[in-house]
Amino acid sequence: PTRRSSDLVTAPITACSGDINSGCTQVTSGAHLSSATVPTASLAIVQGNGTKVQLGTGSPVSGHCAKYDANGNVIDAGAACSTANSGTINQDAYYAAAGTTVSGVVPVRLSVLKYGAKCDGTTNDSTAFTNAIAAIGASGAIVSMPAGTCIVNSTLTIPNHTQLVGAGPLLTRLSTSSASLVQIQFNADVILRDFGLIRSVTATTGGDGIQGCLSTRCNQPQIDNVSITGGYIGLHIGPTSFGRLSNLQIQNSVSHGLLMQGLATTSGNQFQWELDNVLSELNGGDGFDVLATSGGGHGTMSPWKRPYTYANAMYAIAFHGGPGYAINDIQIIDAFLSTDTNGGIMFDTYGNFNRVADSGVELPDVGINITANNTDTQLIGLNINSCSTQGIIDGGSGTLVENTVLNSDNVGYVNIAGADHGQLHGDSIHDNAVDGVLLNVSSVLCLSGNMLYANGTNVSGTVGACTD
């Protein structure tokens, strides 16, 4: 990998022949350190392939035990050997007499292979992955994973400024046989990319594929080109200032495919995850579910581009706010939502200025369901067809449906209690079995420039006064 000049470390230790590993005495992670087994020397902490050097200071007293900190510094030269003043370190250590100057390089990339991972689909690689992550310094690192199936039956907690990178979601797969294990967890700014998560058993509650930002609001995390199969919740994430989800496939979750869940803290409903090209399919709950939390304040959303769903057991996409914790500014563009049982999109936001544009919804029970807890929802340029009950259920105030096709549904558009000051403009509403437009409540609804034809009844009910 590319080296930066700031990565270079130069200090006096022994001259080891070639690689820093060569010619030095090695003590493995967790070993008991004493001068009985280690020569009087400075201590170097070496990670991975031996290219990282953190230099210790001080020397143990010959014949006595010594205590060391995690960087190899002698913090107690020791007296008689005893449990009280013996020490262990959490990284591999190499010893040599002080005297010459050797330059080491802090790696920007750590390979799990260097920590013993096989990724052969048989070997338990849990310890290797855990040790690789434990070796990451405060400035972070790139942890690379090879092609293959890596069996990891422990949660990987990814620290700040770290990238976990594979060879692609079809090539690098992290597999667990635990039903309740969270496979990957983070509460910091990380990048996860180019790998797949699989589970060989049916997940139980808590056994999510990825959990992120569920204890604190993150700043700029990213997940890209990752597949998640078989979690309880596939991707379970909290608030962020500006996160990114792109090129994801989430499938066969027991519950929701993707759940964004708020926190009962300041800005706890700040769902600023920019989403692009994410497929959520064949999940036991919603494909995408956004759930604001009381105490988290009003929520805002970053744009969602190209969310796709197929055959989820509940809604394709659902938004749930509440009094005092509304969800505002939803923008969904270029979505295609197909065959989701309960419906395409559920808006129960308690908010306003939410918009869906240039998208398609087909074969659900309800295309789009807008409850009375929404204001100024805009549906523009949609194609909603083959819904078994209604294309659009509208209970909101100020809903605009424009340049939208509602066809081959049972009922194209129906308003319910709470609907008022809505507008249907420039829509094509046709071939709906019962009604093109059904007005269950007398409210102000402007109908202008629409094509209504070949419906059981084009317009049923009473349209209130309309002012264009």
Side-chain angles (χ1 to χ4, degrees), residues 133 136 138-141 143 155-164 182-193 197 206 208-224 226 228 231-248 250 253 255-276 278 280 285-305 307 317-332 347-354:
I133 291 172
I136 296 170
S139 59
V143 179
T155 296
L156 302 180
T157 301
I158 311 301
N160 198 25
H161 303 310
T162 295
Q163 298 185 39
L164 184 64
V182 178
Q183 291 183 267
I184 294 178
Q185 193 171 59
F186 64 88
N187 283 289
D189 294 337
V190 305
I191 297 176
L192 310 177
R193 61 183 174 89
L197 297 178
D208 302 336
I210 297 175
Q211 290 184 353
C213 312
L214 293 180
S215 63
T216 186
R217 178 165 57 95
C218 297
N219 187 24
Q220 293 183 323
Q222 299 179 42
I223 306 175
D224 177 57
V226 170
I228 306 170
Y232 187 79
I233 297 169
L235 177 56
H236 189 179
I237 50 179
T240 181
S241 299
F242 181 76
R244 181 170 174 80
L245 307 171
S246 55
N247 306 311
L248 309 182
I250 308 168
S253 305
S255 182
H256 305 309
L258 184 154
L259 173 61
M260 290 186 184
Q261 186 169 5
L263 301 177
T265 59
T266 301
S267 301
N269 293 321
Q270 190 174 18
F271 301 117
Q272 297 287 348
W273 289 94
E274 182 182 356
L275 183 149
D276 187 13
V278 177
S280 187
D286 298 323
F288 301 86
D289 190 281
V290 180
L291 179 63
T293 298
S294 177
H298 294 309
T300 55
M301 302 281 297
S302 287
W304 285 17
K305 302 175 183 177
I317 305 173
F319 298 96
H320 305 281
Y325 50 102
I327 303 174
N328 302 302
D329 302 316
I330 298 166
Q331 304 286 328
I332 299 175
F347 286 106
D348 190 31
T349 65
Y350 287 76
N352 50 33
F353 305 120
N354 298 313

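FYI, side chains are in, hydrogens and waters are out, and symmetry mates aren't considered; it's all heavy atoms of this structure.
A141 and I136 get closest at one heavy-atom pair: N-CG2, 3.9 Å. Taking all atoms of both residues into account, the shortest heavy-atom contact from I233 to D208 is N-OD1, 3.0 Å. Scanning both residues, G206 and V182, for their nearest heavy atoms gives O-CG2, 3.1 Å. When all heavy atoms are compared, the tightest approach of N328 to N352 is OD1-N, 2.9 Å. G262 and N269 make their closest contact through CA-OD1, 3.2 Å (heavy atoms, listed as atom of the first residue, atom of the second, distance). Of all heavy-atom pairs between N187 and L214, the closest is OD1-N, 3.1 Å.
In this structure, CD1 in I184 is found 5.5 Å from CG in L192, a value given to the nearest 0.5 Å. Remark: M260 CE to I327 CD1 distance equals 10.0 Å, nearest 0.5 Å. How far CD1 of I191 is from CD of Q222: 4.5 Å, rounded to the nearest 0.5 Å.
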Open item on the list: For a side-chain contact (heavy atoms from CB on, under 4.5 Å) check, start with the C-alpha distance between W304 and V290, then their side-chain angles and the critical distance, and finish with the verdict.
Closed with: CA-CA 12 Å; W304 285 17; V290 180; 3.8 Å; yes

Open item on the list: Assess the residue pair I158 and I133 against the criterion (side-chain contact (heavy atoms from CB on, under 4.5 Å)); give the C-alpha distance rounded to whole Å, side-chain angles, the decisive distance to 0.1 Å, and a yes or no.
Closed with: CA-CA 7 Å; I158 311 301; I133 291 172; 3.8 Å; yes

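The ring-ring contact (aromatic ring centres under 6.0 Å, His included) test with F319 singles out one residue from Y325, F347, F271, and that residue is F347.
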Give every donor-acceptor pair under 3.5 Å between a side-chain atom in residues 237-246 and any protein atom, sequence neighbours left out.
from: T240; atom 1: OG1; to: C218; atom 2: O; distance (Å): 3.3
from: T240; atom 1: OG1; to: N219; atom 2: O; distance (Å): 3.0
from: T240; atom 1: OG1; to: F242; atom 2: N; distance (Å): 3.4
from: S241; atom 1: OG; to: R217; atom 2: NH1; distance (Å): 2.7
from: R244; atom 1: NH1; to: E274; atom 2: OE2; distance (Å): 3.3
from: S246; atom 1: OG; to: D224; atom 2: OD1; distance (Å): 2.6

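At a threshold of 4.5 Å between non-hydrogen side-chain atoms, the residues L164 and V190 do not count as touching. Residues T162 and F186 fail the side-chain proximity criterion, which asks for heavy atoms closer than 4.5 Å. Residues L248 and I228 have side chains not in contact (no heavy-atom distance under 4.5 Å, counting atoms from C-beta outward). R193 has its side chain within reach of Q163: a pair of non-hydrogen atoms, C-beta onward, lies under 4.5 Å apart. Side-chain atoms of Q270 and T300, non-hydrogen and from C-beta on, do get closer than 4.5 Å to each other.
Side-chain contact check for T293 and Q261: no donor-acceptor pair (N or O, by modelled atom type) lies under 3.5 Å.
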